[in-house]
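A quick write-up on the structure given underneath.
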There are 2 protein chains.
Amino acid sequence: MAKKRIKLVDIANELGVSVGLVSIVLSGKSRENRISDTLSKKVIEKAKELGYQANQMARALRTGKSGIIGLAVADIANPYFGKMARFIENEASGLGYQVMFGSSDEDPKKLNDIINVFLSRQVDAMLIVPVKKSQKYLMALQEQSIPFVFVDRCCDGVSEDAVTTNNFEGGYQLCNVLIKRGYKKIGAFVYDTGLTNNNQRIKGYTSALKESELNDDSENLIFETGFKHVETRLESMLKSALKKGCDAFFFANNKLGIQSLKYFDKMNIKIPQDIGIVSFDNPESFQVAKPGVTCFEQPIANICVKAISILVDKMDDASKPKVGEVLLSGNLIIRESC
Amino acid sequence: MAKKRIKLVDIANELGVSVGLVSIVLSGKSRENRISDTLSKKVIEKAKELGYQANQMARALRTGKSGIIGLAVADIANPYFGKMARFIENEASGLGYQVMFGSSDEDPKKLNDIINVFLSRQVDAMLIVPVKKSQKYLMALQEQSIPFVFVDRCCDGVSEDAVTTNNFEGGYQLCNVLIKRGYKKIGAFVYDTGLTNNNQRIKGYTSALKESELNDDSENLIFETGFKHVETRLESMLKSALKKGCDAFFFANNKLGIQSLKYFDKMNIKIPQDIGIVSFDNPESFQVAKPGVTCFEQPIANICVKAISILVDKMDDASKPKVGEVLLSGNLIIRESC
DNA sequence: CTGTTAGCGCTTTCAC
DNA sequence: GTGAAAGCGCTAACAG
């Protein structure tokens, strides 16, 4: 049952050659070291025959490269981050990297723990979804010489490469759809304006309103809920927005949109007859809901591709200048919810 | 900028003690080795002061334990597996393990690649969602002395511990809801009966039908689609089922259920007026859809907890007898779709 | 109680 | 062209 893991020395012994030779051949450096083709072939075949699999731990220890990329998301169970993980996985595995992940739950301490685990596991690079109040940890990370890049959001006060959706543009477009449809009083709902992405979305919304000369009291129509206890807090906000006479709703992310959908249904409020709604993100639910929800889809695949490419550059050449925040454009999807 | 990673020897030198001593103290073995409390404290403080972080690669190489658990799912972007990843993460990190994942896309070759990567990274254990025709790879894995457990499904022909939902029971209950509601001709849709879980669900469906003496031609009402090109193939099957006079539909997983929802909407077929539907799994979409979809929710959290506990037992004591397949009961959720 | 030493499996420089 | 040997950072066995 317990088959012994075979290693370089085993195949070296079988062939009567040295370990070094085998190592060179198996890492494809026969040419540079002018190892004869016949010997190379023999080594390679023997390795295959014995089912040799390099011990990456040993290799990593020696070379200082683990071949692992760390991905710190808010919550891998959230389909948005799940998709992200998948694209990262695809990109990374194409380059011979494995990905290790961690979920921060928007908690800076947890994020820091994750980062430290990654560090101690010698990851070669990290992709980080920064959370509120994680500045000090992130700045500490900058002191280390390991490359990382922010995804999904950036982090105020921490100057680092980041790849995000053009959140402002998304908020602006979404809000404009509502305005064009003739809605007069548009409430905005946001998780937390402490997050740069949510912040930008609200700025887009505000900016569209300003141009339209609607909502003079716009400040009063922005409803902000923390990450926790969303359901209950959201309900009371929705209620208060309705009371204030809102005839349309702008949701800054999918969770908020989905929860609100449930609430409106419960309250028997008809969309789009009674109110109009738009939301950021494009989860399956927005397609299945009736009416379908007009939304702004983030270019997750592109974000991942770009992020990895930045990381690869940094790993190749640590002295590369920072590229700063890269804004990728998303996709307005018109459905029947307004 | 590039702060040097500090290591055992650094803190040993600073304190004028030996590396071994520091190692012992930092791995919490002061007591067993009767190191004085004062010295221990000094070492620990120095370590903190210098921001010491153990190099897990080196530790792993030495101890033969990587502290990594491999998770091979079908697709991490699928919310079902995303949730699973999250629960596994929680369990694992509580035990000091990190998780590394890979998505097989239901492709046995890819699964094998993932397993090999895990092997070469010296994972301490694996959680595997087996796919069709992966028997030979899985049996090869059994030859290795690394513990693993199947989750979500088991694998015909490979006798190994597995933790799954009671899929038969789910199929049975779901079908019975339809029968009780008075539907007469119930079509079943399934990804692939080559997957043990889908298979069991269909068996539950068939069994319920038999008891009810409905659907004598039940064999003809089971529609099977491969993993690929689901959208198009599903449509034609749905069409053909409708033509055969089906007044109710049983979907063996969330993807099928969701896609069909879209199709029925497009065709303007009303649920539950025109037809009734039930589905396995409980994605957000089934809640948001109108009408809500009656479904059978899998106990993902329990599955993960149980799977990890089996793994822990195996890691502790490799000679433990196999526990076989553990069936966990799911949750019937009645909504308005039938 | 504490220091020394021998590797874990691999890569890489330097001889021959 | 090939072998020998050092060493990555850590743990564990053994001295003292």
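Here the structure is a predicted model, which is why all the values come from computation and not from measurement. Chain identifiers are assigned alphabetically (A, B, ...) following the order of the sequence lines, protein sequences preceding nucleic acid strands; residue numbering begins at 1 within each chain.
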Atom pair CG (A:Leu61) and CZ (B:Arg62), whose distance is rounded to the nearest 0.5 Å:
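Between A:Leu61 CG and B:Arg62 CZ, I get 12.5 Å after rounding to 0.5 Å.
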
In Å, rounded to the nearest 0.5 Å, how long is the span from CD1 of A:Ile146 to CD1 of A:Ile115?
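Those atoms lie 9.5 Å apart.
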
First and last nucleotide of DNA chain D, 5' to 3', lying under 4.0 Å from heavy atoms of chain B:
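The contacted stretch runs from D:dG9 to D:dA12.
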
Which one of B:Ile300, B:Asp152, B:Leu71 satisfies the side chain to side chain contact (heavy atoms under 4.5 Å, CB included) criterion with B:Phe81?
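For B:Phe81, the side chain to side chain contact (heavy atoms under 4.5 Å, CB included) check succeeds only for B:Asp152.
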
Smallest separation among heavy atoms of A:Val129 and A:Leu111, with atom names:
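In this case the closest contact between A:Val129 and A:Leu111 is O-CD2, 4.2 Å.
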
Closest heavy-atom contact between B:Arg86 and A:Ala77?
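Smallest heavy-atom distance, with atoms named: CB-CB, 3.8 Å.
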
Would you call B:Lys46 and B:Glu49 a salt bridge, using N to O less than 4.0 angstrom?
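Salt bridge between B:Lys46 and B:Glu49, a charged N being under 4.0 Å from a carboxylate O: yes.
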
Nearest-nucleotide comparison on DNA chain C, the residue closer to the 5′ end among A:Asn33 and B:Gly16
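First, find each residue's nearest nucleotide; the 5'-ward one identifies B:Gly16.
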
Excluding sequence neighbours, so at least two apart, what forms salt bridge (charged side-chain N to carboxylate O under 4.0 Å, His left out) with B:Glu91?
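For B:Glu91, no residue satisfies salt bridge (charged side-chain N to carboxylate O under 4.0 Å, His left out) once neighbours in sequence are set aside.
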
Protein N or O to nucleotides 9-12 of chain C N or O, pairs below 3.5 Å:
from	atom 1	to	atom 2	distance (Å)
C:dG9	OP2	A:Lys7	NZ	2.8
C:dG9	N2	A:Ala58	O	3.3
C:dC10	OP1	A:Tyr52	OH	2.6
C:dC10	OP1	A:Asn55	N	3.3
C:dC10	OP2	A:Leu8	N	2.8
C:dT11	OP1	A:Arg59	NH1	2.7
C:dT11	OP2	A:Ser23	OG	2.8
C:dT11	O2	A:Arg62	NH1	2.3
C:dT12	OP2	A:Lys29	NZ	3.0

Ignoring hydrogens and geometry, is there a side-chain-to-backbone donor-acceptor pair from B:Ser120 to A:Gln53 under 3.5 Å?
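No.
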
